[in-house]
Amino acid sequence: MKPLEGLAWTNRFAALGADFFTELPAQGLPDPHWVARSPACAELLGWPADWAARPEALAALSGNASWPGMRPLATVYSGHQFGVWAGQLGDGRALWLGEVDTPAGPQELQLKGGGRTPYSRRGDGRAVLRSSIREFLCSEAMTALGVPTTRALCITGSEMPVIRETVETAAVVTRVAPSFIRFGHFEHFAHHDQLEALRRLTAFFIAHHAPECADAPEPAVALLKKVALQTADLVAHWQAVGFCHGVMNTDNMSMLGLTLDYGPFGFMDAFDPGHICNHSDDRGRYAYARQPSVAFWNLHALAQAFVPLMDGEQEAAGERLLEAVEAFRDRFASQMLGRLRAKLGLDGEQPADQALADDFLKLMAASRADFTQSFRRLSRALTHPEPLRDLFIDRDALDAWLARWRPRTAPHAQARMLAVNPAVVLRNHLAEGAIRAAQGGDFSEIDRLLKVLSRPFDEPALPGDAALPPDWAQSLEVSCSS
Ligand code: AMP
Ligand code: MG
């Protein structure tokens with residue numbers, strides 16, 4: 001293996017030109033140290049096992065050095081935040097380093113927390129250790145759950161103070177994805193009447209990330225439909241694991257249908273469809289049960305941005321775009337039902353399955369039963385119903401439901417259910433334990449959790465990793481501040 005400095009970098013995005021970004025070097029972390037690394041992500045990149053032992057790795061991934069071929073740049077995008085047009089945003093603290101060739105195809109690397117950019121507005125361009133640990137662990141945990149997501153290669157840290165509600169310390173996460181292009185990139189050029197740039201971006205995205213759309217009669221319509229379907233798949237998967245994104249602004253929506261920009265996200269403990277994981281979301285726009293309709297709303301914002309790309313009469317063109325977005329509905333419904341059938345271990349498909357699943361969720365909500373544990377314990381309920389019953393207040397109602405469910409279960413339902421209903425998800429209190437240890441200088445809990453979270457369907461060696469949250473977890477608050 002060549003030294004990392006000898007990696008071949010391409011940067012196809014940079015070829016788009018100056019309308020799309022500002023090139024600038026990272027502002028490195030002073031006196032950086034390693035906080036965490038993901039062996040699975042390094043493997044995806046095809047990097048050697050000792051990659052992190054090389055001094056050039058720490059220097060570059062803390063923003064202190066550049067390898068030949070990297071072209072650090074911050075991209076410009078806009079977007080709708082909490083349903084309102086927010087104007088120009090952009091990579092305020094993320095720096096795009098370029099693309100590396102990997103066995104899994106070209107992957108972009110991005111530093112998050114590498115200093116101010118022209119798009120930082122009032123921000124300091126930094127990320128704190130706390131939120132970096134959350135993003136790192138959740139990116140890798142979602143991957144192991146099978147949920148599409150950007151990846152995280154590593155965290156580098158520093159004693160450099162960063163001011164949030166309190167004084168914290170700075171960190172940089174290296175993120176990896178085939179593309180970090182967001183809905184907001186398209187909205188930006190549409191809103192600013194930069195039609196030529198909008199066309200170039202669309203052609204670029206189709207050429208590199210959606211080539212099958214190129215030959216469609218209307219490539220923009222085909223692309224929008226593809227994004228709608230991928231987004232439906234993504235959100236159905238979120239709902240099925242009880243994941244709340246927290247800030248589904250259009251600038252946080254990936255054109256590849258990846259989970260993107262981990263901020264105040266959360267996996268639900270007690271099931272509440274109205275659960276709001278983001279303390280700053282006082283009106284609950286991004287509550288758990290609203291995620292599908294918000295995704296649909298966001299797709300309409302993307303459709304709006306595609307209007308100038310369309311030929312012919314504008315109203316009819318708009319209709320065709322709306323039709324493409326409509327594809328979200330059926331796809332989400334069928335994906336969601338498919339995931340629920342699998343979670344319930346059902347045999348084949350019957351019309352009453354939706355009601356069966358909905359009724360279980362209603363019982364869970366009425367008892368505020370733990371989301372992850374309810375499905376995990378249900379997986380064993382054919383032979384051991386008691387642990388499941390312990391989670392419910394109205395046991396008669398649960399028993400009545402179990403009597404409907406049992407005859408619908410497939411052969412080997414237990415094994416099949418245990419393979420789709422995780423034992424371990426990144427509950428807030430688990431992340432918090434790793435964060436508190438790291439803030440005290442001990443990073444070993446991050447590594448330990450990473451290992452556990454990379455096998456989410458196995459019973460963890462420490463039962464506490466799968467257990468119901470402790471009482472102190474109730475008081476944890478997660479806000480946009482990161
Ligand atoms: P987010 O809510 O984290 O998705 O960020 C929304 C916008 O604020 C994006 O343009 C970010 O780049 C920017 N931003 C968030 N935090 C910071 C920060 N600490 N410094 C600079 N820009 C930031
Ligand atoms: Mg964002």
Side-chain angles (χ1 to χ4, degrees), residues 20-22 24 26-29 63 72-96 108 110-136 138-139 149-150 152 155 157-158 160-173 175 177 179-189 191-192 244-256 258-266 276-282 285-286 294-295 298 301-302 478-482:
F20 294 83
F21 54 80
T22 304
L24 79 167
Q27 292 146 257
L29 294 177
L73 53 86
T75 76
V76 63
Y77 54 81
S78 296
H80 285 84
Q81 298 189 319
F82 290 89
V84 178
W85 178 248
Q88 182 185 302
L89 302 164
D91 295 322
R93 55 177 168 169
L95 268 189
W96 211 316
E108 294 175 354
Q110 204 188 56
L111 299 184
K112 182 170 176 179
R116 287 182 57 84
T117 78
Y119 316 110
S120 299
R121 297 176 295 157
R122 288 178 304 280
D124 56 8
R126 294 298 175 189
V128 296
L129 180 64
R130 163 179 54 85
S131 61
S132 302
I133 292 170
R134 284 169 49 86
E135 169 143 20
F136 172 83
C138 201
S139 304
T149 177
T150 61
I155 310 174
S158 161
M160 181 181 155
V162 175
I163 297 164
R164 295 291 181 262
E165 277 94 2
T166 59
V167 180
E168 303 188 45
T169 59
V172 169
V173 184
R175 304 200 287 195
S179 169
F180 286 96
I181 296 181
R182 304 151 188 264
F183 291 11
H185 281 102
F186 291 84
E187 291 180 275
H188 178 77
F189 296 106
H191 186 85
H192 293 93
C244 302
H245 180 284
V247 205
M248 288 176 68
N249 295 332
T250 56
D251 53 296
N252 291 336
M253 297 293 292
S254 152
M255 285 292 291
L256 289 179
L258 307 173
T259 313
L260 173 64
D261 278 10
Y262 290 91
F265 70 85
I276 304 165
C277 65
N278 177 358
H279 187 63
S280 320
D281 180 11
D282 40 9
R285 179 177 173 87
Y286 300 136
V294 166
N298 289 344
L302 183 62
V478 185
S479 72
C480 273
S481 149
S482 60

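Just so it is clear, the values below take in all heavy atoms, side chains as well, and ignore hydrogens, waters and symmetry mates. Order of appearance sets the numbers: ligands from 1, and atoms from 1 within every ligand.
- For ligand 1, one of its N or O atoms has an N or O atom of Asp124 under 3.5 Å away.
- Interatomic distance, Met248 CE to Phe183 CZ, rounded to the nearest 0.5 Å: 8.5 Å.
- Contact atoms of ligand 1 toward Gly123: 18 (C), 20 (N), 21 (C) (distance under 4.0 Å to a heavy atom of the residue).
- The CD1 atom of Ile181 lies 8.0 Å from the CG atom of Leu256; values are rounded to the nearest 0.5 Å.
- Looking at heavy atoms from C-beta onward, Trp85 lies in side-chain contact with Glu187 at the 4.5 angstrom threshold.
- Here the closest non-hydrogen pair linking Arg126 and Gly115 is NH1-N, 3.6 Å.
- Short contacts between ligand 1 and Arg121, defined as distances under 4.0 Å to a heavy atom of the residue, involve ligand atoms 7 (C), 8 (O), 10 (O), 13 (C).
- Ligand 1 is never approached by Val247 to a heavy-atom distance shorter than 4.0 Å.
- Here's the thing with Asp91: none of its N/O atoms is less than 3.5 angstrom from an N/O atom of ligand 1.
- Backbone or side-chain N, O or S atoms of Asp251 do not reach the Mg ion (ligand 2) at under 2.8 Å.
- Closest protein heavy atom to atom 15 (C) of ligand 1: Arg93 NE, 3.7 Å.
- Residue contacts with ligand 1: Arg164 is included, with a non-hydrogen atom under 4.0 Å away.
- Two residues are said to be in side-chain contact when any heavy atoms from C-beta on lie closer than 4.5 Å; Glu165 and Ser481 meet this criterion.
- The shortest separation from a heavy atom of Gly263 to ligand 1 is not under 4.0 Å, leaving the residue out of contact.
- Nearest protein neighbour of atom 20 (N) of ligand 1, counting heavy atoms only, is Gly125 N, 2.8 Å.
- To the nearest 0.5 Å, atom OH of residue Tyr286 and atom CZ of residue Phe82 are 5.5 Å apart.
- When only non-hydrogen protein atoms are considered, atom 12 (O) of ligand 1 lies nearest to Gly92 N, 2.8 Å.
- A donor atom on one side chain and an acceptor atom on the other are not found under 3.5 Å apart for Asn298 and Thr250.
- Residue contact annotation: Asn252 places an N/O/S atom under 2.8 Å from the Mg ion (ligand 2).
- Counting only N and O atoms by type, the side chains of Ser482 and Arg93 include a donor and acceptor under 3.5 Å apart.
- Of the protein's non-hydrogen atoms, the one nearest atom 11 (C) of ligand 1 is Gly90 O, 3.9 Å.
- Against a heavy-atom cut-off of under 4.0 Å, Tyr77 is close to the following atoms of ligand 1: 9 (C), 10 (O).
- Protein heavy atom in closest approach to atom 6 (C) of ligand 1: Gln81 NE2, 3.7 Å.
- In Asp261, the N, O or S atom that comes nearest to the Mg ion (ligand 2) is OD2.
- The single protein non-hydrogen atom nearest to atom 5 (O) of ligand 1 is Asp251 OD2, 4.7 Å, given as residue, atom name and distance.
- One finds the CG atom of Leu29 at 9.0 Å from the CG atom of Leu111 (value rounded to the nearest 0.5 Å).
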Inset, instruction - Go through Tyr262 and Phe136 one step at a time and tell me if the ring pair (Phe, Tyr, Trp, His ring centres under 6.0 Å) criterion holds. - result: CA-CA 9 Å; Tyr262 290 91; Phe136 172 83; over 10 Å; no
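- Annotation: Leu89 places no N or O atom under 3.5 Å from an N or O atom of ligand 1; distance criterion only.
- Side-chain contact between Tyr77 and Asp91 is present, with heavy atoms from C-beta onward closer than 4.5 Å.
- Distance CZ/Arg116 to CG/Leu24: 11.0 Å, rounded to 0.5 Å.
- Closest heavy-atom approach to atom 2 (O) of ligand 1 among the candidates Asp261, Thr117, Asn252: Asn252.
- Contact between Arg122 and ligand 1 is absent, with no heavy atom of the residue lying under 4.0 Å from the ligand.
- Under the 4.0 angstrom criterion for non-hydrogen atoms, Arg116 is not in contact with ligand 1.
- The structure places NE2 of His245 at 9.0 Å from SG of Cys277, a figure rounded to the nearest 0.5 Å.
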